[in-house]
Amino acid sequence: MTDPNKMIINLALFGMTQSGKSSAGNILLGSTDFHSSFAPCSVTKDCSLGRSCHLQSFIRRRGQEVTLQVQVLDTPGYPHSRLSKNNVKQEVRDALAHHFGQEGLHLALLVQRADVPFCGQEATYPVQMIQELLGHAWKNYTAILFTHAEKIEEAGFNEEKYLHEAPDTLLALLNSIQHKYVFQYKKGKSLNEQRMKILERIMEFIKQNCYQALTFK
């Protein structure tokens with residue numbers, strides 16, 4: 001029987017190799033479930049699911065305090081140094097069906113480094129994969145997570161100025177997904193503070209979508 005005072009949200013991470021997906025997943029979970037390291041090649045080769053501890057009284061819904069649990073699917077980056085596009089796509093498709101087939105996916109997070117320009121054909125590959133895997137409703141279930149956001153502060157930008165000067169390809173993507181984005185900072189903030197701010201923002205997106213989840217059957 002479903003507990004009305006508990007909510008599980010299902011998230012999947014997409015992005016290019018070395019964009020910071022696994023590290024972002026660990027922040028979302030408050031753990032070190034996913035292997036994350038710098039390497040001259042793609043680190044993640046298989047999809048893996050991580051589950052967070054229960055976050056007591058994280059949100060209020062219908063006047064009641066609700067406990068939140070986060071499930072995050074980490075996926076191989078694309079382009080990948082060892083796997084073809086079809087290999088990556090099949091791996092992710094199978095994992096989505098296995099882990100979120102019936103419960104559904106609440107949000108796909110496109111992980112994009114804030115210190116790397118979003119331009120060129122390769123930058124759009126993860127977006128194309130999201131479109132192919134989520135289907136026509138992908139815009140309602142996709143947000144951008146900008147990692148390494150401390151780099152833009154070091155360069156003298158704030159978030160507003162950064163987005164104002166972003167390339168047209170990124171602005172068009174943001175428009176198509178109703179400007180659902182969040183910045184992840186590593187310096188000057190505790191891991192728990194980063195996590196809470198990002199999760200609060202993610203819950204705003206999910207609420208805007210009426211808590212709907214995309215199923216895979």
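Only this structure's heavy atoms are used, side chains among them; waters, hydrogens and symmetry mates stay out.
- Contact between G77 and V88 at its shortest, heavy atoms only, is O-CG2, 4.2 Å.
- Listed here is the closest heavy atom pair of L214 and L134: CD2-O, 3.5 Å.
- Taking both residues in full, the closest heavy atoms of L96 and A12 are given as CD2-CB, 4.2 Å, listed atom of the first, atom of the second, then distance.
- Side-chain polar atoms of D74 and S22 form a donor-acceptor pair below 3.5 angstrom.
- Listed for the R195 side chain is a donor-acceptor partner under 3.5 Å among the backbone atoms of L29.
- Remark: the backbone N or O of N158 is not paired with any side-chain donor or acceptor of K161 at under 3.5 angstrom.
- Side-chain contact between N5 and Q64 is present, with at least one heavy-atom pair separated by less than 4.5 Å.
- In this structure, Y141 and H106 approach most closely via the heavy-atom pair CD2-O, 3.6 Å.
- Taking the side chain as every heavy atom from C-beta outward, R93 and F216 never approach each other to under 4.5 Å.
- In the hydrophobic cluster analysis, where Ile, Leu, Val, Met, Phe, Trp and Tyr join through side-chain heavy atoms closer than 4.5 angstrom, V127 is grouped together with Y181.
- By the ring-ring contact (aromatic ring centres under 6.0 Å, His included) test, Y162 pairs with F146, F183, sequence neighbours left out.
- Checked for salt-bridge contact, E204 and R201 meet the test: a charged N lies under 4.0 Å from a carboxylate O.
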Show your working on side-chain contact (heavy atoms from CB on, under 4.5 Å) between H148 and Q184 and close with a plain yes or no. CA-CA 6 Å; H148 300 79; Q184 174 189 305; over 6 Å; no
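- In terms of modelled atom types and a separation under 3.5 Å, the side chain of T142 and the main chain of W138 share a donor-acceptor contact.
- Checking side-chain atoms of N209 against main-chain N and O of N140 turns up a donor-acceptor pair under 3.5 Å.
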Output a table of donor-acceptor pairs, distance under 3.5 Å, between side-chain atoms of residues 110-120 and any protein atom two or more places apart or on a different chain; print 'none' if there are none.
from : atom 1 : to   : atom 2 : distance (Å)
Q112 : NE2    : V116 : O      : 3.0
R113 : NE     : D115 : OD1    : 2.9
R113 : NH2    : D115 : OD1    : 3.4
R113 : NH2    : D115 : OD2    : 2.8

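- No hydrogens or angles considered: a donor-acceptor pair under 3.5 Å links the side chains of D33 and S31.
- Remark: side-chain polar atoms of N10 are not paired, donor with acceptor, to backbone N or O of F100 under 3.5 angstrom.
- A donor-acceptor pair under 3.5 Å links the side-chain atoms of S52 to the main chain of V70, judged by distance alone.
- At a cut-off of 3.5 Å, with distance as the only test, a side-chain donor of D94 or Q90 sits close to an acceptor on the other residue.
- N26 and S23 share no donor-acceptor pair across their side chains, judged by distance under 3.5 Å alone.
- Pairs passing the salt bridge (charged side-chain N to carboxylate O under 4.0 Å, His left out) check and including a residue from residues 127-139, sequence neighbours excluded, read K85-E132, K89-E132.
- Proximity of a side-chain donor or acceptor of T75 to a complementary backbone N or O of L13 within less than 3.5 Å is detected.
- In this structure, the side chains of L28 and L11 come closer than 4.5 Å at one or more pairs of heavy atoms.
- A donor-acceptor contact shorter than 3.5 Å links the side chain of T124 to the backbone of Q121.
- Across A123 and P126, no two heavy atoms sit closer than the pair O-CD, 3.4 Å.
- Between Y211 and M203, the closest side-chain pair of non-hydrogen atoms falls below 4.5 Å.
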